[in-house]
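Everything below concerns the one structure shown next.
Quick note: numbers below take in every heavy atom, side chains included, and nothing from hydrogens, waters or symmetry partners. No experiment lies behind these values; they were computed from the predicted model shown. We name chains A, B, ... by the order of the sequence lines, and we start the count at 1 in each one.
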Amino acid sequence: MTDHSATFEAVRAGMIPAHIYNDKEIFELEKGRLFSRSWQFVAHESEIPDVGDYVVRRVLDDSFIVSRDSKGEVRAMFNMCLHRGMQVCRAEMGNASHFRCPYHGWSYRNDGRIIGLPFHQEAYGGEEGFAKKGQTLLPAPSIDSYNGLIFISLDPNAESLKDYLGDFAFYLDYYTKQSKGGLEMRGPQRWRIKANWKIGAENFAGDMYHTPQTHTSVVEIGLFREPKAEKRKDGNTYWAGNGGGTTYKLPPGSFEDSMRYVGYPDEMIERMKETWSPEQLKVIGENGFMVSAASIFPNISLVHNWPKVEEHSDEVLPFLTLRQWQPISENETEVLSWFVVDKDAPEEFKALSYKAYLMCFGSTGMFEQDDVENWVSLTNTAAGSMARRLHLNSRMGMKIDGSPVVPALGPDEFAGPGEAHVGYGEYNQRHLLERWVDYLEREPNEVDAVSIGGLVRGNVGGTTCDSPCGDATTEPTSNQEAVSR
Amino acid sequence: MTTYYPIDGGRSQLGGYASTTVRAGATLPFDDARHLQAHRWLVDETYMLDEQRYTDWLGVLTDDIHYYMPVKVTTALGSGYDTAPGMAHFDENKYSLSRRIARFATEHAWTEDPPSRLRHHLGNVRTFATENEDELVVDSAMLLFRSRGDVREAAFVSAGREDLLRRVDGRWLLARRHIAVDESVLRMQNLAIFL
């Protein structure tokens with residue numbers, strides 16, 4: 001395999017070899033060393049509210065059924081029949097007490113347990129030949145959740161999601177915990193773009209510099225209250241734990257003033273005051289920064305913005321979206337984009353917030369359209385041989401000696417965790433790609449195979465059990481903790 | 001058991017203001033004057049969309065237009081639905097459509113500059129009377145070919161449409177368009193265009 005150490009060294013110096021945005025070998029490394037180990041978002045609990053509800057989601061090529069089983073536990077199961085490997089669930093969403101493989105009729109409860117194995121006695125000689133009791137569809141090696149966001153990892157030894165998110169959880173709460181009621185997530189809209197997945201993640205993590213140019217049109221048609229160019233520079237970018245994002249600087253005022261300024265009704269503001277910590281309130285109220293776009297390493301992004309959505313009103317209205325940059329190949333990405341709203345928000349707010357989302361983001365959003373145009377173009381150009389000679393300068397905000405153009409904000413100026421800088425800078429894009437190098441430099445994990453019901457006992461995935469296998473009432477013997485409701 | 005779930009405008013959170021007129025009876029004969037008028041309207045509109053004369057297009061929409069394209073999902077036979085609850089690609093009124101169109105008139109709508117080459121292929125047109133003589137329901141099939149840039153692969157969107165045409169002061173206008181897209185994952189970089 002090619003030695004990529006020079007590429008990684010350049011990335012760590014903030015000089016990005018352009019070919020990493022369209023390179024088959026790099027993509028293979030990402031598959032084996034990054035996506036097989038990092039935490040990957042699969043669903044929000046509000047997408048599967050009732051017993052039996054399920055959605056089918058992927059981690060690259062691996063399909064998982066994310067279901068709420070008959071006891072209300074959330075499970076993520078590899079969508080492959082234990083017998084001959086057929087996909088057992090071929091719908092994207094629905095409600096089912098069990099899944100039946102169309103090939104030979106093996107069937108599984110919505111917690112993954114085998115409930116039907118046709119001709120078990122005649123075909124295998126019963127339990128002696130094939131120990132089916134206690135066998136389940138392969139559970140996701142690790143599963144965990146935060147504010148109802150369900151993540152899985154293909155690494156059975158993954159650190160907890162809370163540790164993985166680290167201090168970014170502080171910021172994630174602004175998007176996903178506006179009240180005790182939690183979130184309502186709708187969608188996703190799904191579409192495919194001929195762009196490398198990293199570009200979107202980098203852009204949402206910290207690219208305040210692109211908005212005056214890329215997004216001029218939405219200001220010109222009156223979708224925003226003030227020209228964005230200046231507003232963006234006055235905001236800061238922050239990086240904490242495994243994620244970072246951008247903020248807007250708001251006019252001086254209290255927490256309530258700031259939340260009203262971006263269009264939240266008083267009843268929602270009251271609930272936020274009960275939900276968020278004093279430090280979280282202080283970032284908005286005293287420091288005057290409002291979170292906007294953000295990314296969680298590697299491929300989840302969030303947006304908070306507040307356009308005008310009604311014809312005869314100058315009022316703005318905020319919306320939230322969560323999106324996933326799901327890699328298809330080195331030059332194609334499936335975008336999954338959800339509309340996000342506080343479950344306890346008034347119905348009228350939900351409707352207008354949804355309208356704001358549709359106008360700005362997603363498959364038809366007027367912001368997103370122009371972003372993707374750039375990303376597709378960049379990806380195309382990155383495939384050529386000249387791109388192998390060009391290191392893109394991603395050192396904005398930093399002088400040649402590595403010192404910052406503008407010093408980081410002190411605790412009196414910004415109460416949030418991590419490091420924050422006002423002004424244009426590419427601190428966050430560098431952080432994101434440094435994390436990316438960390439993963440790509442590490443040797444891949446050893447993965448043990450799991451063999452089902454036969455003589456060879458696997459020891460990973462936790463679906464096997466010691467002989468004799470448990471009785472029919474055995475709960476799934478997975479090493480995963482199901483996510484409690 | 002059915003494999004066809006007509007789009008239910010009631011599932012749109014934003015379309016409550018829209019006309020709820022429904023089709024009545026069987027398809028109109030192809031030589032019926034109403035069918036001929038509706039078909040001609042759609043063909044003319046198709047050219048308008050190909051040529052991206054969007055300001056003209058806005059002029060053939062009623063003020064209460066509901067332009068709605070829910071997200072298609074793959075569901076098991078008999079599940080009773082095939083669109084995502086509460087989520088659409090387009091869920092537009094005349095104002096939001098006007099903003100989209102106004103954007104193209106700026107010099108900064110990069111996703112359409114250089115403009116796409118578009119060809120809307122229209123077919124399977126059938127017309128239904130309604131209880132109101134000034135409103136017709138028209139079904140059609142639409143295949144949109146979109147070519148962007150010089151070397152990029154072209155993209156397609158296939159969809160069925162159910163339109164409500166309304167006669168206002170002797171002119172037929174589009175009062176409602178429900179778009180049933182045939183893919184759950186769009187293989188197009190965005191929907192900056194209209195179907």
Quick one: pull up [atom1] in [X] and [atom2] in [Y] and give me the separation to the nearest 0.5 Å.
X	Y	atom1	atom2	result
B:E183	A:R190	CD	CZ	11.0 Å
B:S98	A:E311	OG	CD	6.0 Å
B:D82	A:M93	CG	CE	11.0 Å
B:Q13	A:L358	CD	CG	9.5 Å
A:D371	B:W110	CG	CH2	13.0 Å

Between [options], which has the largest tally of heavy atom pairs under 4.5 Å with chain A?
options	result
B:R187, B:M69, B:R148	B:R148
B:D91, B:L77, B:V71	B:D91
B:T106, B:L191, B:V73, B:T74	B:T74
B:G149, B:A109, B:A105	B:A109
B:A88, B:S96, B:A84	B:A88

Report task. Go through the steps for A:E373 and B:R152 under the test salt bridge (Lys or Arg N to Asp or Glu O under 4.0 Å), then give the verdict. Result -> CA-CA 12 Å; A:E373 188 73 9; B:R152 283 190 222 162; 3.5 Å; yes
Query raised in the report: For B:A76 and A:A91, which heavy atoms make the closest approach, and how far apart are they?
Result: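 What the structure gives for the nearest pair is N-CB, 3.7 Å.
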Report task. Give the minimum heavy-atom separation between A:S363 and B:H89, together with the two atoms involved. Result ->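 That would be OG-ND1, 2.6 Å.
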Side chains of [X] and [Y] in contact at under 4.5 Å (non-hydrogen atoms):
X	Y	answer
B:E107	A:S217	no
A:R186	B:P85	no
A:E310	B:Y95	no
A:K194	B:Q189	no
A:Y354	B:L14	yes

Requested in this report: Step by step, work out the side-chain contact (heavy atoms from CB on, under 4.5 Å) result for A:T364 and B:R100.
Outcome: CA-CA 9 Å; A:T364 54; B:R100 293 178 184 280; 3.5 Å; yes
Could you tell me whether [X] atom [atom1] has more than 12 heavy atoms of other residues or ligands within 6.0 Å of it?
X	atom1	value
B:R11	CZ	yes
A:E315	CD	no
B:Y5	OH	yes
B:Y81	OH	yes
B:R117	CZ	yes
B:R40	CZ	no
A:Y209	OH	no

Query raised in the report: Considering only heavy atoms, which portion of B:K72 lies under 4.5 Å from any heavy atom of chain A: side chain, backbone, both, or neither?
Result: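 The answer is the backbone of B:K72.
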Query - Per-residue contact mode, B:S184 against chain A (heavy atom under 4.5 angstrom) - result: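 Its backbone and side chain both get close to chain A.
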Report task. May I ask you to name which of A:E368, A:K350, A:R90 has the most heavy-atom pairs under 4.5 Å with chain B? Result -> A:K350
Report task. Name the member of A:L223, A:N380, A:V376 that forms the most heavy-atom pairs with chain B at distances under 4.5 Å. Result -> A:V376
Interchain contact, [X] with chain B, by part (heavy-atom threshold 4.5 Å):
X	result
A:K355	both
A:V56	neither
A:Q213	both
A:Q189	both

**Report entry** Verdict with supporting geometry, A:Q369 and B:R103, side chain to side chain donor-acceptor pair (under 3.5 Å)
**Finding:** CA-CA 11 Å; A:Q369 289 172 14; B:R103 200 175 78 86; 2.7 Å; yes
Treating [X] as the side-chain partner and [Y] as the backbone partner, does any N or O pair qualify as donor plus acceptor under 3.5 Å?
X	Y	value
B:R99	A:V309	no
A:R192	B:M188	no
A:W191	B:N190	no

Query - Worked verdict on A:E92 versus B:T75 for side chain to side chain donor-acceptor pair (under 3.5 Å) - result: CA-CA 6 Å; A:E92 290 176 57; B:T75 52; over 6 Å; no
